[in-house]
Amino acid sequence: MASIVTVGETLVEIMRTERDAPLDCPGPFSGPYPSGAPAIFAGAAARLGASVGFVGTVGHDAFGNCVRDRLRCDGVDVSGMRRQRELLTGIAFVAYASDDTRSFIFHLPQSAAAHVTSDQIPKGYLEETRYLHIMGSSLSIGEELRETCYKLARRVHANGGTVSLDPNLRPELLPEEEIRAVCAPVLDIADIVLPSGEELASLTGKADTSKGAEELVARGIKIVALKRGARGARLYTRDDVFDIPPYEVEEVDPTGAGDCYDAAFIVSLSRGWPLKISARYANAAGALATTRLGPMEGTFDHQYVADFMASQGMSLPPSFENGE
Ligand code: ATP
Ligand code: MG
């Protein structure tokens with residue numbers, strides 16, 4: 001049984017091999033790469049050494065095998081996963097532009113990924129779950145998955161566990177006002193929120209990120225970890241606001257950085273690490289995620305992350321170096 005669980009969509013990503021190649025004309029693609037923000041989170045957390053479960057659905061097809069085998073190989077407990085015969089595995093087509101923006105075509109609401117129910121979870125599955133992580137994208141795909149996310153979050157919260165939310169907004173999936181509405185029931189019970197600046201603005205309706213973060217803290221969120229890409233992260237708690245500097249990397253593919261950040265953050269909190277050390281570890285995992293092409297290819301084990309931190313003169317304190 002897993003101490004960290006995530007529930008949501010899993011899919012394969014098929015990406016343009018060249019920047020500025022649009023999605024509306026012929027040209028080369030690369031993939032399938034296993035993906036889906038919750039799946040990336042699960043794989044990354046398991047690779048860091050945590051006991052992690054993923055609850056999601058794939059189709060009875062080769063793409064489904066691709067994601068399930070990858071999660072299993074990363075050490076994720078996949079007993080809460082289901083294969084559905086009638087529908088295809090989720091697919092995202094992605095194109096990158098030179099200004100680092102991305103465009104997507106999602107085959108998700110009509111795919112197996114949207115059909116996740118609490119019935120597919122083995123009995124007793126959540127008994128030892130201390131952390132449940134929810135992505136806003138999972139709340140945006142369809143009612144069945146959304147209700148399952150709410151149900152599991154409420155169950156873990158009622159058992160004394162911690163619920164975290166990454167708004168992970170994708171305007172292609174749901175308009176902004178609706179996103180705010182679907183996130184509200186999770187925000188009511190969440191202790192940790194991990195947004196990007198834009199997501200924080202969408203979630204709170206406040207263009208000023210500090211004001212948005214303060215609003216979440218006033219609402220009862222214990223930690224807001226604001227992800228700032230190559231600029232690192234800023235953390236807000238009731239008593240403190242502090243910046244965590246970035247690690248330097250050569251960015252190859254930014255997709256998945258936020259999910260790997262979330263994974264390292266939750267894994268380190270689950271180990272009982274202090275907040276500032278968890279935040280540094282998360283910055284390192286986020287930075288490393290950008291160094292590989294493909295959403296789940298930039299996940300690493302604890303030792304690799306610790307060595308990377310040391311290589312940039314920002315080592316973990318000795319008592320945390322063995323990752324326990
Ligand atoms: P996504 O949802 O696309 O995965 P995100 O917007 O949620 O991403 P980012 O801010 O892009 O998250 O990345 C998460 C963290 O990873 C950042 O806070 C930072 O610590 C690290 N990171 C991301 N990109 C870089 C980079 N180019 N250089 C150094 N660190 C980075
Ligand atoms: Mg994100």
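Just so you know, these numbers come straight off a predicted model, no measurement behind them.
At distances below 3.5 Å, at least one donor-acceptor pair connects side-chain atoms of Ser140 with backbone N or O atoms of Gly136. No donor-acceptor pair under 3.5 Å is formed between the side chain of Ser79 and the backbone N or O of Ile121. For Asp61 (side chain) and Thr89 (main-chain N/O), a donor-acceptor pair under 3.5 Å exists by modelled atom type. Between the Asp20 side chain and the Ser98 main chain, a donor and an acceptor come within less than 3.5 Å of each other. Thr148 places a side-chain N or O within donor-acceptor distance of the main-chain N or O of Val116, the cut-off being under 3.5 Å. No donor-acceptor pair closer than 3.5 Å links the side chain of Asp253 to the backbone N or O of Thr291. Under the 3.5 Å distance criterion, the side-chain polar atoms of Ser202 are left unmatched by any main-chain donor or acceptor of Glu176. Between the Arg82 side chain and the Gln120 main chain, no donor and acceptor come within less than 3.5 Å of each other. A distance-only check finds no donor-acceptor pair linking the side chain of His107 to the backbone of Ile91 [under 3.5 Å]. A donor-acceptor pair under 3.5 Å is absent between the side-chain atoms of Asp74 and the main chain of Val76, judged by distance alone.
Distance check, rounded to the nearest 0.5 Å: CG of Leu203 to CD of Glu198 gives 13.0 Å. Separating the CG atom in Asn283 from the CG atom in Asp243 is a distance of 10.0 Å, to the nearest 0.5 Å. Distance check, rounded to the nearest 0.5 Å: CZ of Arg85 to NE2 of His60 gives 3.5 Å. In this structure, the separation between CD1 on Ile4 and CZ on Phe41 is 5.5 Å, given to the nearest 0.5 Å. With values rounded to the nearest 0.5 angstrom, Leu132 atom CG is found 12.5 Å from Arg154 atom CZ. One finds the CZ atom of Phe300 at 9.0 Å from the CZ atom of Phe308 (value rounded to the nearest 0.5 Å).
Contact annotation: the side chain of Pro254 approaches that of Tyr96 to within less than 4.5 Å [non-hydrogen atoms, C-beta and beyond]. Contact check for Phe63 versus Ile14: side-chain heavy atoms found under the 4.5 Å cut-off. Annotation: side chain of Met1 is not in contact with side chain of Pro122 (no heavy-atom distance under 4.5 Å). Annotation: side chain of Tyr150 is not in contact with side chain of Ile134 (no heavy-atom distance under 4.5 Å). Within the 4.5 Å cutoff, the side chain of Asp191 has no heavy atoms near those of the Ile221 side chain. Using a 4.5 Å cut-off on side-chain heavy atoms (C-beta onward), Leu275 and Ile223 make contact. The closest side-chain heavy-atom distance from Leu216 to Leu200 is below 4.5 Å. The shortest distance between side-chain heavy atoms of Val224 and Pro195 falls below 4.5 Å.
Between the side chains of Thr57 and Gln84, no donor N or O sits under 3.5 Å from an acceptor N or O. Between Thr237 and Asp239, the side chains place no donor N or O within less than 3.5 Å of an acceptor N or O (distance only, hydrogens not considered). Counted by atom type alone, Thr204 and Glu215 present zero donor-acceptor pairs between their side chains at under 3.5 Å. For the residue pair Tyr33 / Thr255, no side-chain donor-acceptor distance below 3.5 Å is found, with atom types taken as modelled. A donor atom on one side chain and an acceptor atom on the other are not found under 3.5 Å apart for Asp166 and Tyr261. Residues Arg130 and Asn159 have side chains that never bring a donor and an acceptor to within less than 3.5 angstrom of each other. With 3.5 Å as the limit, one finds a donor-acceptor pair spanning the side chains of Tyr281 and Arg271.
Using a 4.0 Å cut-off between charged nitrogen and carboxylate oxygen, Arg219 and Asp188 count as a salt-bridge pair. Ion pairing between a basic and an acidic side chain is recognised when a charged N comes within 4.0 Å of a carboxylate O; Glu147 and Lys151 show no such pairing. Ionic pairing of Asp262 and Lys227 is present here: one or more N-O contacts between side-chain nitrogen and carboxylate oxygen are shorter than 4.0 angstrom. A salt bridge between Arg47 and Asp301 is absent, with no side-chain N of the basic residue lying under 4.0 Å from a carboxylate O of the acidic one.
Follow the hydrophobic side-chain contacts under 4.5 Å out from Val217 and you reach Leu165 in the same cluster. Taking hydrophobic clusters as Ile, Leu, Val, Met, Phe, Trp and Tyr residues chained together by side-chain heavy-atom distances below 4.5 Å, Leu139 shares a cluster with Leu145. Note on Phe54 and Tyr131: separate hydrophobic clusters, where clusters join Ile, Leu, Val, Met, Phe, Trp and Tyr whose side-chain heavy atoms are under 4.5 Å apart, directly or indirectly. Connection of Ile40 to Leu11 is not established within any shared hydrophobic cluster, with ILVMFWY side chains joined at heavy-atom distances below 4.5 Å, either directly or through further cluster members. Cluster annotation: Phe265 and Val267 are assigned to the same hydrophobic cluster (Ile/Leu/Val/Met/Phe/Trp/Tyr, side-chain heavy-atom contacts under 4.5 Å, transitive).
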Begin with the C-alpha distance, continue with both residues' side-chain angles, and end with the deciding distance and a verdict on side chain to side chain contact (heavy atoms under 4.5 Å, CB included) for Leu235 and Val241. CA-CA 6 Å; Leu235 273 87; Val241 179; over 6 Å; no
Show the numbers, then the answer: is there a side-chain hydrogen bond (donor to acceptor under 3.5 Å, both in side chains) between Ser137 and Glu9? CA-CA 8 Å; Ser137 49; Glu9 71 281 9; 2.7 Å; yes
Verify side chain to side chain contact (heavy atoms under 4.5 Å, CB included) between His133 and Ser164, making sure each step is shown before the conclusion. CA-CA 5 Å; His133 186 65; Ser164 50; 2.8 Å; yes
Would you sort out whether Leu126 and Val156 count as a side chain to side chain contact (heavy atoms under 4.5 Å, CB included), showing the intermediate values? CA-CA 7 Å; Leu126 293 175; Val156 170; 4.2 Å; yes
Test side chain to side chain contact (heavy atoms under 4.5 Å, CB included) on Met135 and Asp259 and set out the steps. CA-CA 9 Å; Met135 296 278 185; Asp259 313 319; 3.4 Å; yes
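Shortest non-hydrogen contact noted between Cys66 and Pro32 is SG-O, 4.1 Å. Contact detail for Gly64 and Val58: the closest heavy-atom pair is CA-CB, 3.7 Å. In terms of heavy atoms, Ala153 sits closest to Val163 at O-CG2, 3.6 Å. Smallest separation of non-hydrogen atoms from Ser118 and Arg155: CB-NH2, 4.1 Å. Taking every heavy atom of both residues into account, Gly232 and Pro246 meet most closely at N-CB, 3.6 Å. Residue Ala42 comes nearest to Thr6 through the heavy atom pair CB-CG2, 3.9 Å, listed as atom of the first residue, atom of the second, then distance.
Heavy-atom contacts from other residues, nucleotides or ligands closer than 6.0 Å to CD of Glu251 number more than 12. Other residues, nucleotides and ligands contribute at most 12 non-hydrogen atoms within 6.0 Å of the CZ atom of Arg238. Counting non-hydrogen atoms of neighbouring residues, nucleotides and ligands closer than 6.0 angstrom, the CD atom of Glu178 exceeds 12 such neighbours.
Of the options Ser268, Ser319, Pro317, a side chain to side chain contact (heavy atoms under 4.5 Å, CB included) to Ile277 is made by Pro317 and by none of the others.
Between Phe320 and Trp273, the two ring planes are perpendicular [angle over 60°; tilted spans 30° to 60°].
A cation-pi contact links Arg16 to Phe29, judged by a cut-off of 6.0 Å to the six-membered ring centre and 45° from its axis.
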